[in-house]
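See below for the structure under consideration.
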Amino acid sequence: MPITSTVHMAKRRSDAPEVTTTHCPYCALNCGLQLGHDGTIVAETIRWKGSPLTGGALCSKGVSAFEQVNHADRITMPLRRRGNDFEEIGWEDALDEAAAGFLRIAGEHGRDANAVLSGGSLTNEKVYLMGKFARLALKTPHIDYNGRFCMTSAGAANKLAFGADRMMTPLDELRRAEVAVVVGANISAAFPVVLPKLLDGVRRRGGRVIVVDPRASRFVKPGDLHIANRPGTDAIVFNGLLDLIAKAGLVDSKFVRNRTTGFEAALAAAAPFDVETVAELADVDAALFNEAAQLIGSADRCMYLHGRGPEQQVGGVDNVLAIINVGLACGHVGRPGSGVNMLTGQRNGQGGREWGQRCNQLPSGRDIEDPGDRAVVAERWGVDPDDLPGIGKTYVEILQQAGRGEIKGLLSICTNMNVSSPDLDRVDEQMAGLEHVVMIEPFFSRSARFADIVLPGTTFAEESGTITTLEGRVVRIDQAVAPLPRRSDIDIIRNLARRLGVSQHFDFHRAREVFDEMRRVSAGGPVDYAGITYERIRDEGGVFWPCPDEKHPGTPQLYTERFHHDDGRARFRPVQPTPPPVVVDADYPLVLTTGRVLAQFLSGNQTMRIEAQQTLEPACFVEVHPDTAARVGLEAGVTASLTSRQATVEVAWRPNPGLRDDTLFMPYHWPECNRLVASDLDPVSKIPGFKYTPVLLAPSSAPRAATGQVDASASTTASSIGINRAVAGSMI
Ligand code: SF4
């Protein structure tokens, strides 16, 4: 599978008369590209050499992304449930019924009986509007987004340690790094553009790449130092590194003394994790571990990159804090070529954490429980602070409340909970229990089976707005073609708000108007966009926040002089590693860990409709170490059966000698995966423990499945849900 492709971009393939500059809609690298179109049909992707960071490179998903825009499966008219079927209705009727349902529920059961679930692919403007809509239109505290499943552990840990939630060092600073430490980040599948080359640069200059991961992904090269630790032991590994580095006298004492607090307590917490203990608990080679500590502790410039491996665990926040403690102890923070960098996953996972669609947050990173923050936002919104709801429930908790009948109405946008959530069989039951479900989606999804009203949403080429990349760089997307459904998502929100009696707060017709209000709301706040304008973004190749005024250059490198805590110092946090709540035993002896493949993105509701992507990776599978396969009698061509405490699924299997023999890997783009995963949450970030599920592996007793055959009950087909295929297209 090619890492990057220029096949579609080698030369102009059409006579498209117009070109619009924008960014890929999938991952948080936000590779820039151009779309060739005629104002209605998008015909091609064109290389945009001026793209910040990525310079025109794209992976296959970015190359083919334009195919979603005019895809035959698009929903172009609102849909209304009719029994087990859906029928097309007019926009006015759909909006009337959508709003009436929320009003009825609020009247009968209280405002808290309505909730909003949102997505990490939305533009900043839509993120902001969804948060404002929940608080001022539905007046509910319950709004959260699917970034809760992605990097909230990293965000929480960064806030605790540094006082801000943003990647601290631009990625091209890897060009100066002597050592790169990649922790639980599948660079090959999740960041296939630029990062592999930057890591190659580290190797070429004689530096080392250290990988901490139970699975060696394709980017791991001979000569790299691979610590294949037992799943669930990241905090143990990094506590052990801290202890070793201190014992070797490699702590940057001046940095620790002048710029941090709490070192002694963190070191004391790490003291029990000497080399022998780490080797035993994490099942790692002691010599390799010693070498890693020497390399990290001796490096003047070291970049740590972590992305979802340590985060998506019930101890996710502690895992990231343990990594940060090592970076702080070595002074690898706030200096060129160094940084403890979180690799946010979704297109606007970063902006999604900033603009108020989290249950604990008001826009511009303001705290919903802080009276001062509430007063600022209320004043800029023109409402009384007492009218702002308080903290609400997180994503999984909202679904669980739905299952208990406490939440009865749901508005969702660009999130596919019936693929992406843990413990999917329970989620199906929870969603089925809701009384009124309104979804805004460009394509019918597995979750839309539970909707009462589906409002057709826009794709990336049909809207303008801003996105904040994983680096904290605000970039601009420009509308290429008119929305196929004839309304933008901003138009939908404005019209719903009018029906809920709060039109004065949602008088926005264009994304730029929303952005101007966001700049005003953010001024002086923790996430300050006040100086960022649409013009500057295009002229300057994006602008990094904080940017408090229009003369300010933006802030690519954070923490050069001070951290964002009031005293300017970073915080070491003592980490006491705790095991996952349910661990392997005789009945469930292997650990299932989950992640991505290159060809698909998230729940696949877009990429699985694109032939090129579907050809590359058509169905779910599980990776098994060859020794493990032999041990359980799994032969080539036999379907694998996996059983966890939540469910049993059957999928094709592939051998992977780069995986620990006590660990299995399954991509989460298909529903089989999250049927197996439990809904235990990190106590701070409330992220589910996707990376550790005890399972039993066996050959299936069922007849051999064709490659890609899946458990039929997990699939969504048009016939199984009674949808008119001509209306809703093929289902995923
Ligand atoms: Fe770039 Fe990510 Fe899009 Fe691939 S999916 S082109 S890496 S933004």
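Start at 1 and go down the list; that is how both ligands and their atoms are numbered.
No donor-acceptor distance shorter than 3.5 angstrom exists from the side chain of T123 to the backbone of G465, with no hydrogens or angles considered. Proximity of a side-chain donor or acceptor of R205 to a complementary backbone N or O of A177 within less than 3.5 Å is detected.
For R347, the side chain to side chain donor-acceptor pair (under 3.5 Å) criterion is met by no residue, not counting sequence neighbours. Taking the salt bridge (charged side-chain N to carboxylate O under 4.0 Å, His left out) definition, one finds that E471 meets it with R473, sequence neighbours left out. Residues that satisfy the ring pair (Phe, Tyr, Trp, His ring centres under 6.0 Å) test with F515, not counting sequence neighbours, are Y534.
The six-membered or imidazole ring of Y395 lies away from that of Y145, with a centre-to-centre distance of 6.0 Å or more.
Of all protein N/O/S atoms, those under 2.8 Å from atom 4 (Fe) of ligand 1 are C59 SG, and waters are not counted.
When each atom of ligand 1 is checked for a heavy atom of N30 under 4.0 Å away, the hits are 8 (S).
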